[in-house]
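Okay, structure first, notes after.
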Amino acid sequence: MRLSRYFLPVLRENPSEAQIVSHRLMLRAGMIKQAAAGIYSWLPLGFKVLRKLENIVHEEQIRAGHIPMLMPTLQSADLWRESGRYDAYGPEMLRIRDRHDRDMLYGPTNEELITDIFRTHVGSYKDLPLTLYHIQWKFRDEIRPRFGVMRGREFLMKDGYNFDLTKEDALHAYNRHLVSYLRTYERMGLQAIPMRADSGPIGGDDTHEFLVLAETGESEVFYDSAVTDIRLGEREIDYDDVAQCRAVMEEFTALYARTDETHDAALFAKIPEARRRSARGIEVGQIFYFGTKYSEPMGATVQGPDGAQVPVHMGSHGIGVSRLVGAIIEASHDEKGIIWPEGVTPYHCGIVNLKQGEDAADAACERLYGALVAAGLEPLYDDRDERAGGKFATMDLIGLPWRITVGPRGLKNGVVELTSRRTGQSEELPPEAAVARLVEIYAGQPDPAGV
RNA sequence: CGGGGCGUGGCGCAGUCUGGUAGCGCACCUGUUUUGGGAACAGGGGGUCGGAGGUUCGAAUCCUCUCGCCCCGACCA
């Protein structure tokens, strides 16, 4: 993309409404514009990151054997009356009436809808196990939205639902989700720690929240510092391997890590003092096993091998996709702006032409641009007739992890400059070598393909 | 919802107390000179002051109502 043809309305000054860094930077980098309290338009740069996260989630869910679909944002109140949650959910649920005076709602979650789909079409144990998920906009009418997309009213969320014949099968689904979530967050350059959590309005027995440590997090968390040393890394996962998934789950949840809701001071005190940590965290996902809580009242049963109708065991799992954009920025920025992890960056690198309009510099940039595109990378070329300082400041603000600087001085020696946004380290090298380096860097960060 | 605050050009703000018909910085447009970390000078475009009603010869400024947004709290992915 050439910046002169793009739409990137960056702000030089901080909008007064933004209090926390991710909100400020998203506004300044031209990623979002507020449409109403807690509701945002996603401008091109923000949309690109959002789509990338969405696609990573899709890839990892499909890898785990889960099946993508799409349910509507608006739902009928009838299903919610059936599950008993129409009254239980409270004013957070946005209720709407249509022209025929029917009670509707903008879905805050989808257990009812999915259960209805399931009971209509699934009747046999032979159809199990089944895990369906979708990525869709949700609405929760927060009393007080704040922190930009981190705590908006409208938010994009992946939510999935597993249906299993037995509790053991459902617990494997739980573990499978835990592992797939770990992979998902690691690909996004985040460390999200699974913590024993409270089940809240969803209800259920087993539940873990995934928290990204950040000073601006809304939850207080307590953990054994050793948990932050555990990584999934490159290990091979077989999602059908019950023992392996359980082993990974146990590895990641054995050490003490809890939010304030479930914090147990006595247990916490047993951790060696040097490893006891309390901090703040941003919740970016949660998984539940809730047994037959919905299947029973809503009649989601299958016929077992013995001919008996049995309610299915279910779980649900969510990832706050739009919130993750903010969470990543909270975890990765400096005073100049955002620093995107390679796995989620909207463009792989920036090209800064220091002498726009000069034939040699223009031609070198065009060649470089072409070579990067040919190599399968997406560069953002700042071809505006701006001064160097302005171009650098924009690049720093929007946070592309790599920048290639092209100027007459370097070109005289046949080199360009490759700079890491994270470290600030620069290296002078021939253009072809810079392209080769970037190809190498991104070889370990394949672009997500989407559904 | 309780408490506090704010709505003046795209962004940040002054002007409101003490009514006289809108101003500054950034951004934007034109020109000249500049050009390796947010240039300088000159010229220029854009707002009727969140909305409605009222008081007044006259309202961004005063009064009433209303809408929106932000902060603290309870609530929450």
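Quick caveat, the model's predicted, so the values are computed rather than measured. Chain identifiers are assigned alphabetically (A, B, ...) following the order of the sequence lines, protein sequences preceding nucleic acid strands; residue numbering begins at 1 within each chain. Atoms considered below: every heavy atom in the structure, side chains included; atoms not considered: hydrogens, waters and symmetry mates.
- Counting non-hydrogen atoms under 4.0 angstrom, T405(A) reaches a base of the nucleic acid.
- Across all strands shown, G152(A) has heavy atoms under 4.0 Å from base atoms, whether or not it also approaches the sugar-phosphate.
- Of all nucleotides present, none satisfies the Watson-Crick or G-U wobble test against rA59(B) with each distance under 3.5 Å.
- For Q19(A), the listed nucleotide lying nearest its side chain is rC70(B); candidates were rC70(B), rG36(B), rG38(B).
- With a 6.0 Å cutoff to the six-membered ring centre and a 45° limit on the axis angle, R95(A) does not count as a cation-pi contact of Y89(A).
- The aromatic rings of H177(A) and H317(A) lie parallel to each other, their planes meeting at an angle below 30°, with 60° marking the opposite boundary.
- Across all strands, A36(A) comes closer than 4.0 Å only to sugar-phosphate atoms, never to a base (heavy-atom distances).
- The side chain of L11(A) lies closest to rC11(B), out of rC11(B), rG37(B), rU35(B).
- With hydrogens and angles disregarded, no donor-acceptor distance shorter than 3.5 Å links the side chain of H134(A) to the backbone of M69(A).
- Across all strands, E92(A) comes closer than 4.0 Å only to sugar-phosphate atoms, never to a base (heavy-atom distances).
- Summary of the strand contacts: S16(A) and R12(A) both lie near RNA chain B, and taking for each the nucleotide with the nearest heavy atom, the more 5' one is attributed to S16(A).
- A 3.5 Å limit on both hydrogen-bonding distances identifies rG5(B) as the Watson-Crick or G-U partner of rC69(B).
- For Q34(A), no side-chain nitrogen or oxygen approaches OP1 or OP2 of rG68(B) to under 4.0 Å.
- No donor-acceptor distance shorter than 3.5 angstrom exists from the side chain of Y86(A) to the backbone of L79(A), with no hydrogens or angles considered.
- G390(A) comes within 4.0 angstrom of a base, heavy atoms only.
- Residue R146(A) places at least one side-chain N or O under 4.0 Å from the OP1 or OP2 atom of rG73(B).
- Residue-level contact check: E17(A) touches the backbone only, with heavy atoms under 4.0 Å from sugar-phosphate atoms and none from bases.
- Here R51(A) pairs with E54(A) in a salt bridge; the nearest charged N to carboxylate O distance falls below 4.0 Å.
- To the nearest whole angstrom, the two C1' atoms, one in rG10(B) and one in rU34(B), are 27 Å apart.
- The side chain of I143(A) lies closest to rC1(B), out of rC76(B), rG38(B), rC1(B).
- When Watson-Crick and G-U wobble pairs are counted only if both distances are under 3.5 Å, rU30(B) pairs with rA42(B).
- Taking the side chain of E13(A) as heavy atoms from C-beta on, and the options rC75(B), rC26(B), rC70(B), the nearest nucleotide is rC26(B).
- Using a 4.0 Å heavy-atom cutoff across all strands shown, G410(A) reaches at least one base atom of the nucleic acid.
- Residue contacts for G407(A): at a heavy-atom cut-off of 4.0 Å it reaches a base atom on one of the strands shown.
- Distance from the side chain of D396(A) is smallest to rG37(B) among rG36(B), rG37(B), rC71(B).
- Projected onto RNA chain B by closest heavy-atom contact, A388(A) and R153(A) fall at different nucleotides, the more 5' of which corresponds to A388(A).
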